Amino acid sequence: MNTSAAGDTAPQLAAPLIDWFATNARDLPWRRPGFSAWGTLVSEFMLQQTPVARVVPRLEEWLERWPTPAALAESSPGDAVRAWQSLGYPRRALWLHSCAVVITERHGGEVPRAVDDLLALPGVGDYTARAVAAFAFGDRHPVVDTNIRRVIARSVIGDAEPGPPSARRDLAAMLDILPHDPAAARAFNAAIMELGAVVCTARAPRCEVCPITDNCAWRGLGYPGFAGKRKATQKKYEGSDRQVRGLVLAQLRTLPADNASTLSRSRLASVWHEPTQLDRAIAGLVADGLAVESLSGFRLP
DNA sequence: ATCCTGCTGC
DNA sequence: GCAGCGGGAT
C-alpha cells in the first residue's frame, strides 16, 4: 500500500512547483491574505472560461458592491447581470445570484465548506466546488481545470494535449500527485494551475523557464505531437446565436436599473437583421431567465 | 456531444 | 482568422 504523498510512478512535481510558485505567483486579488470565501466563490464563477485579466476589475467592483452573499441576495438578478457587464456567459451572473440566495436562506449566509454542499449550488461543478473548498477553506481536494489537465497530460503522461475531459479520471490523476499535507496540497493546486496559465501554455509553452523540465515526460519523449482526436472546432461566433443573444442582452443592460422600463420587440429589431434568428435569441434568453417579457416588451429579470 | 459570450495572443 | 480562455448544464 502506498502511503507516500504522491504515487510512486508519478514524477515528483509538488516540491519544485510549490517552490517556484512561492516566488513567481502573480499578485491576484483572490490570493491576498484574508480574501473571503464569498470572494473566492465570486472569482471562480467569473474565471469560468474568462481570462484572469478580464476578471480582475469586474471582481473588485462586484465585491465592493456586494461584500456578502446576503448583500447580493437583496439585489435583483438583473442587477447582477448588469454588473457582469461583458464578461460573457451571463447565465453565470444569474447562477451566482441564485447561489447568494441559497447561501443566505439555507447556509446562514456563509459559503458552505463541504464539497457536496458546494456542488449543490447552481452553476457550481466539479472544478468550482473543489476550488472553493481548497483555496477558501484549505481542505485537501484535487482541483482540476483546463490548465492542470494540460500540465498533467504533458509532465505525467507525456502527451502534448490532454484527452477528452473525464471528471473521474482527471480527479483521480490529480489526487495521485497531490501532496498529503493539506497546506501543501492547497499550494500545489494553485502552483500547477499557475504553471499551466503562464508557462505550460496551450499554444507556445515556455519550457526554457519551466521549473519541472527534469520531471516532464513530454520533454523526455522529445515533445511528440498530438496524436489523439482533435476536439470539434467551435462554430464561428460571428453570425451565431451567441452573438445575437449578446447583442440583445447588451441592449437590455442599458435600461435603468429600477427594472421599470422595457424594450419593445420592434426596438430590439435594430440589433439584428434577421427576424427569425432574433426571435430565437430572445426566446432563448427568456427561457434562460436572462430576460422577462411583459406587455410592453422585454427587460432584465 | 452541443450550447452558452466576448476578447485576445499568436 | 482562429484557437483558447482557472466550466457548467443539457
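Proteins get letters first, then strands, A, B, ... in listed order; numbering begins at 1 in each. Just so it is clear, the model here is predicted, and its values are computed rather than measured.
- Side-chain nitrogen and oxygen atoms of A:Lys235 include none within less than 4.0 Å of the OP1 or OP2 phosphate oxygen of B:dT2.
- Mapping A:Arg203 and A:Arg54 onto DNA chain B by nearest heavy atom places A:Arg54 at the nucleotide closer to the 5' end.
- Just one of A:Glu74, A:Arg65, A:His97 meets the side-chain contact (heavy atoms from CB on, under 4.5 Å) condition when paired with A:Asp79; it is A:Arg65.
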Completion exercise
Writing each nucleotide of DNA chain B 5' to 3' as (, ), [, ], | or . by Watson-Crick or G-U pairing under 3.5 Å yields ||||.|||||
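- Applying a 4.0 Å cut-off to non-hydrogen atoms, the residues of residues 143-153 of chain A that approach DNA chain C are A:Asp145, A:Thr146, A:Asn147, A:Arg150, listed by residue number.
- In this structure, A:Arg31 places its CZ atom where more than 12 heavy-atom neighbours from other residues, nucleotides or ligands lie under 6.0 Å away.
- Remark: A:Val124, A:Gly125, A:Asp126, A:Tyr127, A:Thr128, A:Phe135 in residues 124-139 of chain A come within less than 4.0 Å of DNA chain C through at least one heavy atom.
- Looking at heavy-atom distances under 4.0 Å, A:Arg280 makes no contact with the nucleic acid at all.
- Contacts of A:Ile192 with the nucleic acid, taken as non-hydrogen atoms under 4.0 Å apart, are absent.
- Between B:dG9 and C:dG6, the distance separating the two P atoms is 12 Å to the nearest Å.
- A search for side chain to side chain contact (heavy atoms under 4.5 Å, CB included) contacts involving A:Asp19 returns nothing, not counting sequence neighbours.
- Both A:Thr50 and A:Leu121 lie close to DNA chain C; mapped to their nearest nucleotides by heavy-atom distance, the more 5′-ward contact belongs to A:Thr50.
- When the P atom of B:dC7 is taken as reference, atom CH2 of A:Trp84 falls 14 Å away, rounded to whole Å.
- Counting non-hydrogen atoms under 4.0 angstrom, A:Pro51 reaches a base of the nucleic acid.
- Residue A:Arg26 places its CZ atom among more than 12 non-hydrogen atoms of other residues, nucleotides or ligands, all under 6.0 Å distant.
- A salt bridge between A:Asp139 and A:Arg130 is absent, with no side-chain N of the basic residue lying under 4.0 Å from a carboxylate O of the acidic one.
- Taking the 5' to 3' direction, DNA chain C first and last meets chain A under 4.0 angstrom from a heavy atom at C:dC2 to C:dA9.
- For the pair A:Leu249 and A:Ala204, nearest-nucleotide mapping onto DNA chain B gives the more 5' position to A:Leu249.
- Using a 4.0 Å heavy-atom distance criterion, A:Glu194 is classed as making no nucleic acid contact.
- The ring-ring contact (aromatic ring centres under 6.0 Å, His included) search around A:Tyr223 returns A:Trp218, not counting sequence neighbours.
- In this structure, A:Gln234 atom CD and B:dC7 atom P are separated by 15 Å, rounded to whole Å.
- When the shell of 6.0 Å around CD of A:Glu110 is examined, it contains 12 or fewer heavy atoms from other residues, nucleotides or ligands.
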